[in-house]
Q: 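Pasting in a structure now, in structure tokens, and then I'll have a few things to ask.
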2 protein chains.
Amino acid sequence: MELDVRKRIILKAIIRNYLETGEPVGSRTISKYTDLNLSSATIRNEMADLEEMGYILQPHTSAGRIPSDKGYRFYVDTMMEEKEREADEMKELLLQRQDKMENLLKQVVKVLAQNTQYATMISAPNTRRNKLKFIQLSKVDAAHILAVIVSEGNVIKNSLLDVQQELSEETVLKLNILLNTHLNGLSIEDINLAMIADMKQQAGIHSDIVGEVIDAVAEAIKADEDLEIYTSGTNNIFRYPELADQQRASELINTFEEKQQLTGLVQETLLEENGTGIQVYIGNETPVQSMKDCSVVTATYELGEGMKGTIGIIGPKRMDYDKVVRTLRNLQNQLDVLYREEDK
Amino acid sequence: MELDVRKRIILKAIIRNYLETGEPVGSRTISKYTDLNLSSATIRNEMADLEEMGYILQPHTSAGRIPSDKGYRFYVDTMMEEKEREADEMKELLLQRQDKMENLLKQVVKVLAQNTQYATMISAPNTRRNKLKFIQLSKVDAAHILAVIVSEGNVIKNSLLDVQQELSEETVLKLNILLNTHLNGLSIEDINLAMIADMKQQAGIHSDIVGEVIDAVAEAIKADEDLEIYTSGTNNIFRYPELADQQRASELINTFEEKQQLTGLVQETLLEENGTGIQVYIGNETPVQSMKDCSVVTATYELGEGMKGTIGIIGPKRMDYDKVVRTLRNLQNQLDVLYREEDK
DNA sequence: TATTAGCACTCATCCAAAAGGAGTGCTAAC
DNA sequence: GTTAGCACTCCTTTTGGATGAGTGCTAATA
């Protein structure tokens, strides 16, 4: 059996209605809701077909129908195609310029959660391919050296190093010059062992410090790559009864608190690049187990070349996909603009 | 009427039992539970008295009794006294040394939440009275200067400053010296306007930068004082039916997400210093509105003189006060030890 | 052949009444 | 002062209609 035009119209009507109400929708409703001028009985026949084909299902024998994951998938796919053509007149999200990356990200998730009424997450941009801009060692006290590492996009990391014996100010200065001349402009992938050996040799008796700094650089650039995830609007899940029962709510909240559970989502999204960078995961499609009763919409954002991060919106399956996708696209643009300004 | 010995025993038995079960406790239970060898009827008489005195209450006419806030208060106060004498044989919480304050705090709340099965929070140590150890300005690129501010306890803050016109390396060096000679060893309260004016004058045409740096220092040391709060174990509230209904859960989770709602708790705790630094807020006693159905146990911790922070444990009123207080005391010690090691 | 009216049937939900049970307060006896 | 006994309260659970939304099927209709 195939999905003819009329079946499509009916399926869409069912889904639209369910997105609004969250209640199973019956044949009579559709009969009135659409302008097909068909009786409820005819609709019932079509619905039986749609159910057989797996697009909708009945919670129990004498209830209306709700969309299945397959149904949502159909809806999202065709909706996306149609909307692609439309102009995007979405109003701006109120983003203020932030000097620190962390604050920017926190602000983004928060604004996004407020705008969509869903739970949101954002991962800090992937800095692996990011280039080192600047290293600064400073003597803090007799036993500690502070390494400040700035990479492109003005991402700043600190690391406090223990030193065995006190270094003179001149030594610190020399090390600074040594490190900067060798490392500036390189990404973490560019730094190889030969280079490190070379630097260590030049550092002479202070070669151990060089080693520590290199480690710190690696650490700073890479380490919490998967931990820097911010979330907001967690308690929005209570707006949707289908997610608000204790079992589910508890699991979801746990996932949002233990942020490393969200890394799966980030990785998945960065891998599966399609044109727009926006992806929709419905129910079991999501890579995070605890979200199998949710839908997840993700977007990759880019701050200059190589600095990619992931934004995610998590809500019930009857999410307003349309609005969410538009909002995310809008956000992508704004972040892009923000970056260019930053750079000017 | 006074609280004679027998009434105390009965009251404690009621509370103990309620802490375990979370159900109203009846006279027959107490009659068996205690070794007073009294019949349920006698217990009933005593319970009637206790209710009249306000220590316990009946959810409805034919139910058992549950402790009132006043009852909990009595229990906590006397329990504390008794336990004060006991040796503390609590097992160590598994804290690993962390180089960054942020990581340490995150670890502490997490371990604490896992150990107690309640929701936990910690505020970063108050840095207001903290002394400036070291300031480092570095030229990042033509338009940006990076200010790194290190204060006692090796708390590091960064701030990226825009500059109108490019500064030479020498100028940056001069400014560094100027700032460090003037400001090192001072706390934020020590920095006055005269001093700032003096520095600005010495900086000549670069006085605006000095102003910006001072602002950054103030900002860095003070600003997110009330924002640096970490939480963990939020979803533990679902373990306790009396907190797990949607209304309450949603509010609590929101409070934990919007961390500035927790500042009230931090301030309150730092003010009301008693001997041990441990405080118990029962029900309405808590300064945070959304926790009026919870009990909150807070502890101040200290990392060296002046660096005080607050730890909080939030759970149902029938919290295991005994264990919580012991755990917190234990943690206070461990943090103290950790700090001394750090400092060595 | 596609559509529709009509009808029997299912099943969640609501409501009231009944049953059960835990626990109390009171009284009278010990 | 303590306790056994009993009537009483009130929550909780169960039960059994009644209601209503919605379906599937069949037979009539265009």
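Quick note on labels: first sequence line is chain A, next is B, and so on, each numbered from 1. Hydrogens, waters and symmetry mates play no part in the numbers below; they use all other heavy atoms, side chains included.
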Q: Just verifying a value: how many Å separate B/Thr234 OG1 and A/Glu257 CD, rounded to the nearest 0.5 Å?
A: 3.5 Å
Q: Side-chain contact, heavy-atom cut-off 4.5 Å: A/Ile278 with A/Val297?
A: yes
Q: Report the residues that fulfil side-chain hydrogen bond (donor to acceptor under 3.5 Å, both in side chains) with B/Ser295, sequence neighbours left out, ordered by chain and then residue number.
A: B/Tyr321
Q: Without decimals, in angstroms, what is the distance between B/Ile43 CD1 and D/dA4 P?
A: 12 Å
Q: Tell me: CZ of B/Arg65 to C1' of C/dA22, nearest whole Å?
A: 13 Å
Q: Closer than 4.0 angstrom, basic N to acidic O: yes or no for A/Lys110 and B/Glu258?
A: yes
Q: A/Thr298: what forms a side-chain hydrogen bond (donor to acceptor under 3.5 Å, both in side chains) with it, not counting sequence neighbours?
A: A/Thr269
Q: Identify, with sequence neighbours excluded, every residue that meets salt bridge (charged side-chain N to carboxylate O under 4.0 Å, His left out) alongside A/Arg248.
A: A/Asp245, A/Asp293
Q: Which ones in residues 49-58 of chain B lie close to DNA chain D, meaning a heavy atom under 4.0 Å from one of its atoms?
A: none
Q: Can you name the closest pair of heavy atoms from A/Ile237 and A/Ala244 and give their distance?
A: O-CB, 4.1 Å
Q: Take the protein atom NZ of A/Lys32 and the nucleotide atom P of D/dA21, then report the distance between them rounded to whole Å.
A: 10 Å
Q: What N/O pairs connect the protein and nucleotides 2-6 of chain C at under 3.5 Å? Give each pair on its own line.
A:
residue	atom	partner	partner atom	Å
C/dT3	OP1	A/Arg6	NH1	2.7
C/dT3	OP2	A/Arg6	NH1	3.4
C/dT3	OP2	A/Arg6	NH2	3.1
C/dT4	OP2	A/Ser39	N	3.0
C/dT4	OP2	A/Thr42	OG1	2.8
C/dG6	O6	A/Arg44	NH2	3.2

Q: What integer distance in Å separates B/His60:NE2 from C/dG25:P?
A: 13 Å
Q: Tell me the interatomic distance from A/Met47, atom CE, to D/dG24, atom P, rounded to whole angstroms.
A: 8 Å
Q: Looking at every non-hydrogen atom in both residues, tell me the closest pair between A/Gln261 and A/Asn254 and how far apart they are.
A: NE2-OD1, 3.4 Å
Q: For DNA chain D, which residues of residues 9-21 of chain A approach it to below 4.0 angstrom with any heavy atom?
A: none
Q: Rounded to the nearest 0.5 Å, how far apart are CG of A/Leu243 and CG of A/Leu252?
A: 6.5 Å
Q: Distances under 3.5 Å between protein N/O atoms and the N/O atoms of nucleotides 15-21 of chain C, please, pair by pair.
A:
none

Q: Mind listing the N/O atom pairs, protein and nucleotides 16-19 of chain D, below 3.5 Å?
A:
none

Q: Can you tell me the distance, in whole Å, between the CZ atom of A/Arg28 and the P atom of D/dG24?
A: 17 Å
Q: I need the full list of side-chain hydrogen bond (donor to acceptor under 3.5 Å, both in side chains) pairs touching residues 55-67 of chain A, with sequence neighbours left out, sorted by first then second residue.
A: A/Glu51-A/Arg65
Q: Which residue in the set B/Ile43, B/Thr34, B/Asn17 passes side chain to side chain contact (heavy atoms under 4.5 Å, CB included) when paired with B/Thr29?
A: B/Asn17
Q: A/Thr61 has a side chain; which of C/dC11, C/dT24, D/dT23 sits nearest to it?
A: C/dC11
Q: Search all heavy atoms of B/Gln332 against all heavy atoms of B/Ala299 and return the closest pair with its distance.
A: NE2-CB, 3.8 Å
Q: D/dG22 phosphate, OP1 or OP2: any side-chain N/O from A/Ser27 under 4.0 angstrom?
A: no
Q: Between B/Glu23 (CD) and C/dA22 (P), how many Å, whole number?
A: 12 Å
Q: In Å, rounded to the nearest 0.5 Å, how long is the span from CG of B/Leu11 to CG of B/Leu3?
A: 6.5 Å
Q: Only counting residues at least two apart or in another chain, list the ones meeting side-chain hydrogen bond (donor to acceptor under 3.5 Å, both in side chains) with B/Thr116.
A: none
Q: Checking B/Tyr118 now: which residues fulfil ring-ring contact (aromatic ring centres under 6.0 Å, His included) with it, not counting sequence neighbours?
A: B/Tyr240
Q: Residues in salt bridge (charged side-chain N to carboxylate O under 4.0 Å, His left out) with B/Asp77, at least two apart?
A: B/Arg73
